[in-house]
Protein chains: 2
Amino acid sequence: MAAVDLTTHPGHLARRLQQAHYLLWNTMVSEEITSPQFAVLNALVAEPGLDQRTAGERVGLDRSTIAEVISRLGRRGLVDKVRDPQDGRRFLLRPTDEGVRTHRKLTVRTARMNQVFLAPLTAAEQTVFFDLIRRVADAAEGLRNPAEPLVAQGG
Amino acid sequence: MAAVDLTTHPGHLARRLQQAHYLLWNTMVSEEITSPQFAVLNALVAEPGLDQRTAGERVGLDRSTIAEVISRLGRRGLVDKVRDPQDGRRFLLRPTDEGVRTHRKLTVRTARMNQVFLAPLTAAEQTVFFDLIRRVADAAEGLRNPAEPLVAQGG
DNA sequence: TGGGTATCGTCAGTACACCAACGAATTCGA
DNA sequence: TCGAATTCGTTGGTGTACTGACGATACCCA
């Protein structure tokens with residue numbers, strides 16, 4: 001009888017939210033390209049020539065995961081990957097023509113899906129929704145990434 | 001230049017939120033037991049004797065995933081699994097004594113973690129946060145689970 | 001200029017999370 | 001009562017997502 005109510009647990013809610021989104025994406029956007037793949041493609045359309053690590057940072061994926069996503073995008077012919085002649089450790093990534101076309105097509109569908117997904121909320125609530133989630137996620141990421149210790153007093 | 005701003009995409013935010021939660025869970029709650037495992041354990045403490053499918057429904061996991069989670073909980077000796085003598089298709093699940101103890105311990109830590117996780121929000125904002133996410137997730141799950149078609153007119 | 005350090009990408013291991021297909025058990029219907 | 005349809009759990013396949021360890025490359029500095 002000591003069980004807790006999971007509907008007040010942000011982690012559980014986040015998981016359910018993500019799964020619900022996954023299902024809707026699959027039916028309304030694409031069964032081939034996943035949401036993380038689209039995010040990476042989007043980052044490369046915005047900034048062609050990113051290396052893997054930076055691309056991962058842009059969308060919030062670690063080095064291992066971005067490598068797998070890039071590999072799948074490459075397999076589909078949506079992204080090109082070439083060694084950086086200036087720095088042999090890096091791979092430079094850029095979308096292919098096909099990748100740009102796919103990105104354009106999915107952008108339209110994603111916008112439609114987001115409308116359906118957020119339909120339960122008023123426009124004002126949607127703004128709050130984004131703001132609250134972003135603040136919580138940013139703060140939690142900040143706990144992991146000490147970024148600027150500023151004064152870094154105490155210990 | 002046709003790239004979109006992902007900070008207004010609920011799917012992307014949901015993923016980031018979940019990852020941020022995952023990291024905090026790992027450092028503040030447990031490196032052994034994951035958040036989904038705790039959710040399942042919690043469901044079994046609340047309702048001992050659930051079968052796998054129903055347990056999965058309680059926490060929002062499909063049959064394949066709940067099977068793996070149960071297998072890990074069983075391997076750790078936290079959950080017992082016996083065939084239902086009334087219905088040979090089912091396995092009845094209940095937490096072991098060790099499982100109950102672990103659940104109790106993690107409940108305390110989880111509460112602490114949630115406080116840290118939600119610290120960027122005021123108490124009022126936290127309420128809104130839960131409400132908005134729950135409404136969006138419920139609605140999206142409803143799209144997949146026609147549950148009660150009621151009148152089901154049109155097509 | 002050579003060696004220590006840092007960075008990039010990869011690989012192995014673990015854990016969700018979905019779908020589709022399958023066998024076993026049960027239930028429903030003719 | 002016997003066969004069809006349903007339900008439960010498993011299996012195989014794909015795709016995130018993290019950690020830790022590793023080799024290759026680059027950088028920094030004595």
Side-chain angles (χ1 to χ4, degrees), chain A residues 11-12 14-27 30-40 50-57 59-76 81-93 140-141 144-145, chain B residues 11-12 14-27 30-40 50-57 59-76 81-93 140-141 144-145:
Chain A
H12 187 247
R15 190 171 58 76
R16 280 188 48 213
L17 186 66
Q18 214 214 333
Q19 287 170 220
H21 174 265
Y22 170 86
L23 290 179
L24 202 55
W25 177 282
N26 239 351
T27 60
S30 171
E31 294 183 342
E32 315 272 301
I33 311 297
T34 66
S35 171
Q37 284 172 31
F38 174 73
V40 171
L50 288 181
D51 65 313
Q52 273 188 215
R53 171 169 188 70
T54 310
E57 253 173 35
V59 298
L61 295 176
D62 72 301
R63 288 180 296 163
S64 302
T65 306
I66 190 73
E68 293 182 36
V69 174
I70 290 295
S71 142
R72 283 177 207 114
L73 288 172
R75 214 187 302 148
R76 293 184 193 288
K81 174 174 168 178
V82 288
R83 268 241 130 81
D84 183 346
Q86 254 73 58
D87 185 339
R89 292 170 300 182
R90 288 190 167 93
F91 283 110
L92 302 185
L93 309 170
E141 282 167 7
R144 227 24 195 158
N145 273 13
Chain B
H12 186 247
R15 188 170 59 77
R16 281 188 46 214
L17 186 66
Q18 213 214 332
Q19 285 171 219
H21 174 265
Y22 170 86
L23 289 179
L24 202 56
W25 178 281
N26 239 353
T27 62
S30 170
E31 295 183 340
E32 315 272 301
I33 311 297
T34 66
S35 171
Q37 283 173 32
F38 173 73
V40 171
L50 286 181
D51 65 312
Q52 274 189 214
R53 170 169 189 69
T54 309
E57 254 172 34
V59 298
L61 294 178
D62 76 339
R63 286 179 297 162
S64 302
T65 306
I66 190 74
E68 292 182 36
V69 174
I70 290 295
S71 143
R72 287 180 203 111
L73 288 172
R75 214 186 303 149
R76 294 185 192 287
K81 174 173 165 178
V82 288
R83 269 241 130 81
D84 183 345
Q86 255 71 58
D87 185 340
R89 292 168 301 182
R90 288 190 165 91
F91 283 110
L92 301 185
L93 308 170
E141 282 167 6
R144 227 27 195 157
N145 273 13

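In what follows, chains carry the letters A, B, and so on, assigned in the order in which the sequence lines appear, proteins first and then strands, with residues in each chain numbered from 1. Predicted model, so just to flag it, every value in this text is computed and none were measured.
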Under 4.5 Å between any side-chain heavy atoms of [X] and [Y], yes or no?
X: B:Arg15; Y: A:Pro36; answer: yes
X: A:Ile33; Y: A:Arg76; answer: yes
X: B:Asp51; Y: B:Asp84; answer: no

Side chain of [X] only, please: which of [options] is the nearest?
X: A:Arg72; options: D:dG15, C:dA17, D:dC18; value: D:dG15
X: A:Leu61; options: C:dC18, C:dC8, D:dA17; value: D:dA17
X: A:Thr34; options: D:dG15, D:dC27, C:dG9; value: D:dG15
X: B:Tyr22; options: D:dC18, D:dG9, C:dA17; value: D:dC18
X: A:Asp51; options: C:dC8, D:dA26, C:dT26; value: C:dC8

Taking the nucleotide of DNA chain C with the nearest heavy atom to each, does B:Arg75 or A:Gln19 sit closer to the 5' end? B:Arg75

Residue-phosphate contact under 4.0 Å: [X] side-chain N/O, [N] OP1/OP2:
X: B:Gln18; N: C:dA17; value: yes
X: A:Lys81; N: C:dT10; value: yes
X: B:Arg15; N: C:dA17; value: no
X: B:Gln37; N: C:dC16; value: yes
X: A:Arg53; N: C:dC8; value: yes
X: B:Thr65; N: C:dC16; value: no
X: A:Arg89; N: D:dA24; value: no
X: B:Gln52; N: D:dT10; value: yes

Between B:Arg83 and B:Arg89, which heavy-atom pair has the shortest distance, and what is it? NH2-O, 4.2 Å

Please report the distance, rounded to the nearest Å, between [atom1] in [X] and [atom2] in [N].
X: A:Glu31; N: C:dA17; atom1: CD; atom2: P; result: 21 Å
X: A:Ile70; N: C:dT10; atom1: CD1; atom2: P; result: 10 Å
X: B:Asn26; N: C:dT14; atom1: CG; atom2: P; result: 15 Å
X: A:Arg76; N: D:dT14; atom1: CZ; atom2: P; result: 11 Å
X: B:Asp87; N: D:dG9; atom1: CG; atom2: C1'; result: 11 Å
X: A:Arg83; N: D:dG23; atom1: CZ; atom2: C1'; result: 11 Å
X: B:Glu32; N: C:dC16; atom1: CD; atom2: P; result: 12 Å
X: B:Asp84; N: D:dC8; atom1: CG; atom2: P; result: 11 Å

Verify, without hydrogens or angle tests, whether B:Gln19 (side chain) and A:Gly60 (backbone) share a donor-acceptor contact under 3.5 angstrom. yes

Would you indicate what B:Asp62 reaches in the nucleic acid, counting non-hydrogen atoms under 4.0 angstrom: base, sugar-phosphate, or nothing?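 Base: the residue B:Asp62, judged by heavy atoms under 4.0 Å, touches a nucleobase.
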
Go through the steps for B:Gln52 and B:Leu93 under the test side chain to side chain contact (heavy atoms under 4.5 Å, CB included), then give the verdict. CA-CA 7 Å; B:Gln52 274 189 214; B:Leu93 308 170; 3.8 Å; yes

Quiz question: going by heavy-atom distance under 3.5 Å, is there a donor-acceptor pair between the base of C:dC11 and the side chain of A:Ser64? yes

By nearest heavy atom, map B:Glu68 and B:Arg63 onto DNA chain D; which one lands nearer the 5' end?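 Checking each residue's closest nucleotide, the 5'-ward one belongs to B:Arg63.
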
